[in-house]
Amino acid sequence: MQIGLVGLGKMGGNMRERLRRAGHTVIGFDTNPAVSDVPHLSDLVDQLEGPRAVWVMVPAGGPTQEVIDRLASLLKHDDVVVDGGNSRWTDDEKHAKELAARGIGFVDAGVSGGVWGLEHGYALMVGGEKEYVERLEPIFEALKPDGPYGYVHAGKVGAGHFAKMVHNGIEYAMMQAYAEGWELLEKVDSVDNVREVFRSWQDGTVIRSWLLDLAVNALDDDEHLRRLRGYAEDSGEGRWTVEAAIDNAVPLPAITASLFARFTSRQEDSPQMKMVAALRNQFGGHAVEKKA
């Protein structure tokens with residue numbers, strides 16, 4: 001199958017390579033000419049045979065909107081656009097409507113796999129009309145991991161990115177649980193081989209997972225993580241998950257707490273803890289630490 005791919009960063013570039021290994025023709029465009037197959041987005045469209053399929057892998061928000069606006073003016077009736085970035089599902093509904101006005105199809109694809117996807121495949125959660133999803137199935141099958149799992153048509157437009165958003169919310173909570181367990185093990189005197197404790201969990205335990213394997217990889221590289229600063233960004237999808245939970249009155253205490261823990265990581269001197277310390281001192285006479 002022939003497909004255009006816009007955005008050849010860490011994931012997009014590897015996806016291009018995986019599709020080519022599977023025998024598909026991929027024409028890639030990127031603003032970085034060193035990795036781009038064509039000099040302009042219009043050249044990408046011109047080299048594709050109709051009905052065309054163009055996969056967009058650029059940052060969510062403005063960059064995605066800009067590319068979709070440009071594609072809307074370049075593509076023809078019955079072509080299809082796939083947004084494989086981390087867009088919010090509400091943006092998908094907007095993009096689908098804008099493209100449908102020109103007779104262009106739209107599919108949203110939540111993609112998980114990161115830098116490991118080239119070799120191991122990408123988990124794909126897809127939303128959109130059946131007609132367009134089925135047309136793109138050879139691409140989905142090439143990108144997904146080997147075996148029966150890793151690709152799902154989750155529902156109508158927006159379902160793919162909504163499913164990926166929830167996936168990332170769960171990921172937040174799992175990472176937070178491993179992080180809290182690691183900190184506690186590092187804190188006590190009785191455990192003097194925390195890295196090997198984590199390694200022992202990789203087989204035969206109910207908490208084994210790929211994230212645990214990656215944690216062991218990180219500890220092999222830096223046993224006590226001394227080279228890292230305790231700071232973690234959030235991609236936006238954790239916030240969207242919590243907001244969706246509020247909108248739908250669904251309790252998500254673990255995921256919400258893991259998001260707030262990332263906010264805490266950005267405070268070298270937490271204002272909240274200042275108030276907690278002051279109150280403990282006021283009602284119980286507990287000691288407080290003064291700044292030097």
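- We find the OG-CD distance between Ser87 and Glu93 to be 12.0 Å, quoted to the nearest 0.5 Å.
- Within a 6.0 Å sphere centred on CD of Glu183, other residues, nucleotides and ligands contribute 12 heavy atoms or fewer.
- In terms of modelled atom types and a separation under 3.5 Å, the side chain of Asp221 and the main chain of Asn217 share no donor-acceptor contact.
- Between Arg88 and Phe162, the closest side-chain pair of non-hydrogen atoms is not below 4.5 Å.
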Show your working on salt bridge (Lys or Arg N to Asp or Glu O under 4.0 Å) between Lys94 and Glu98 and close with a plain yes or no. CA-CA 6 Å; Lys94 176 176 178 288; Glu98 291 169 348; 2.7 Å; yes

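- What you find for Leu136 and Ala53 is that their closest heavy atoms are CD2-CB, 3.8 Å.
- Atom CG of Asp213 sits about 10.5 Å away from atom CZ of Arg199, to the nearest 0.5 Å.
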Check the pair Tyr122, Met11 against side chain to side chain contact (heavy atoms under 4.5 Å, CB included), reporting the backbone distance first and the verdict last. CA-CA 10 Å; Tyr122 301 88; Met11 286 188 68; 3.8 Å; yes

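- Nearest approach of Pro145 to Ala123, heavy atoms of both residues: CD-N, 4.2 Å.
- The shortest side-chain heavy-atom distance between Val80 and Phe106 does not fall under the 4.5 Å cut-off.
- Minimum interatomic distance between Ala249 and Pro251 (heavy atoms only, all atoms of both residues): O-CD, 3.8 Å.
- Both Ile139 and Val111 belong to a single network of hydrophobic side chains, linked directly or stepwise wherever heavy atoms of I, L, V, M, F, W or Y lie under 4.5 Å apart.
- With hydrogens and angles ignored, the 3.5 Å screen pairs no side-chain donor or acceptor of Thr256 with any backbone N or O of Val242.
- Atom-to-atom distance recorded for His224:NE2 and Asp222:CG is 9.0 Å, nearest 0.5 angstrom.
- Side chains of Trp55 and Leu143 form a contact here, defined as non-hydrogen atoms less than 4.5 Å apart.
- Distance alone, capped at 3.5 Å, places no donor-acceptor pair between the Arg195 side chain and the Val216 backbone.
- Atom NE2 of residue His24 and atom CG of residue Leu5 lie 13.0 Å apart, to the nearest 0.5 angstrom.
- The main-chain N or O of Met165 is found under 3.5 Å from a side-chain atom of Thr241 such that the two form a donor-acceptor pair.
- When atom types are taken as modelled, the side chain of Asp79 and the backbone of Lys76 share a donor-acceptor pair closer than 3.5 angstrom.
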Verdict with supporting geometry, Val45 and Phe29, side chain to side chain contact (heavy atoms under 4.5 Å, CB included): CA-CA 10 Å; Val45 172; Phe29 170 74; over 6 Å; no

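- A donor-acceptor distance shorter than 3.5 angstrom exists from the side chain of Ser36 to the backbone of Asp30, with no hydrogens or angles considered.
- Salt-bridge annotation for Arg16 and Asp37: present, with a side-chain N of the basic residue lying under 4.0 Å from a carboxylate O of the acidic one.
- Arg208 contributes no side-chain N or O that, together with a main-chain N or O of Asp203, makes up a donor-acceptor pair within less than 3.5 Å.
- Screening residues 119-132 for salt bridge (charged side-chain N to carboxylate O under 4.0 Å, His left out) gives Arg21-Glu119, Lys130-Glu134, Glu131-Arg135 as the qualifying pairs, with residues at least two apart or on separate chains.
- Placement of Val67 and Leu48 within a single hydrophobic cluster is found when ILVMFWY residues are connected by side-chain heavy-atom separations under 4.5 Å, directly or transitively.
- His95 and Gln65 are linked by a side-chain donor-acceptor pair at a separation below 3.5 angstrom, with hydrogens and angles left out of the test.
- Although no hydrogens or angles enter the test, the distance criterion places a donor-acceptor pair under 3.5 Å between the side chain of Thr264 and the main chain of Phe260.
- Annotation: side chain of Met1 is not in contact with side chain of Thr25 (no heavy-atom distance under 4.5 Å).
- Val152 places none of its side-chain heavy atoms less than 4.5 Å from the side chain of Val126.
- Side chains of Asp92 and Asp83 form a contact here, defined as non-hydrogen atoms less than 4.5 Å apart.
- A donor-acceptor contact shorter than 3.5 Å links the side chain of Asp43 to the backbone of His40.
- Interatomic distance, His161 NE2 to Glu237 CD, rounded to the nearest 0.5 Å: 8.0 Å.
- Here the side chains of Val6 and Met57 are not in contact, with every heavy-atom distance at 4.5 Å or above.
- Counting heavy atoms of neighbouring residues, nucleotides and ligands inside a 6.0 Å radius, atom CZ of Arg20 exceeds 12 of them.
- Atom OG of residue Ser209 and atom CE of residue Met174 lie 4.0 Å apart, to the nearest 0.5 angstrom.
- With hydrophobic clusters built from ILVMFWY side chains whose heavy atoms lie under 4.5 angstrom apart, Trp240 shares a cluster with Val250.
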Might you work through the side chain to side chain contact (heavy atoms under 4.5 Å, CB included) test for Tyr151 and Met125, ending with a clear yes or no? CA-CA 6 Å; Tyr151 156 62; Met125 295 139 273; over 6 Å; no

Given the rule in the side chain to side chain contact (heavy atoms under 4.5 Å, CB included) test, do Arg239 and Leu259 qualify, once you have shown the distances and angles that lead to the verdict? CA-CA 7 Å; Arg239 299 185 189 210; Leu259 173 64; 4.0 Å; yes

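- The minimum heavy-atom distance between Ala72 and Leu99, with the atom names listed, is CB-CD2, 3.8 Å.
- The side-chain heavy atoms of Arg262 and Glu233, taken from C-beta on, include no pair separated by under 4.5 Å.
- When hydrophobic clusters are built by joining Ile, Leu, Val, Met, Phe, Trp and Tyr residues whose side-chain heavy atoms come closer than 4.5 Å, directly or via intermediates, Ile3 is not grouped with Leu41.
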Pair Lys164, Asn168 - check side chain to side chain donor-acceptor pair (under 3.5 Å), show working. CA-CA 6 Å; Lys164 176 58 163 45; Asn168 280 26; 3.1 Å; yes

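- Following chains of ILVMFWY side-chain contacts shorter than 4.5 Å, one cannot reach Val82 starting from Trp89, and the two form parts of different hydrophobic clusters.
- Closest approach of Gly169 to Ile255, counting heavy atoms only: O-CG1, 3.3 Å.
- Scanning both residues, Ser258 and Ala173, for their nearest heavy atoms gives OG-N, 3.5 Å.
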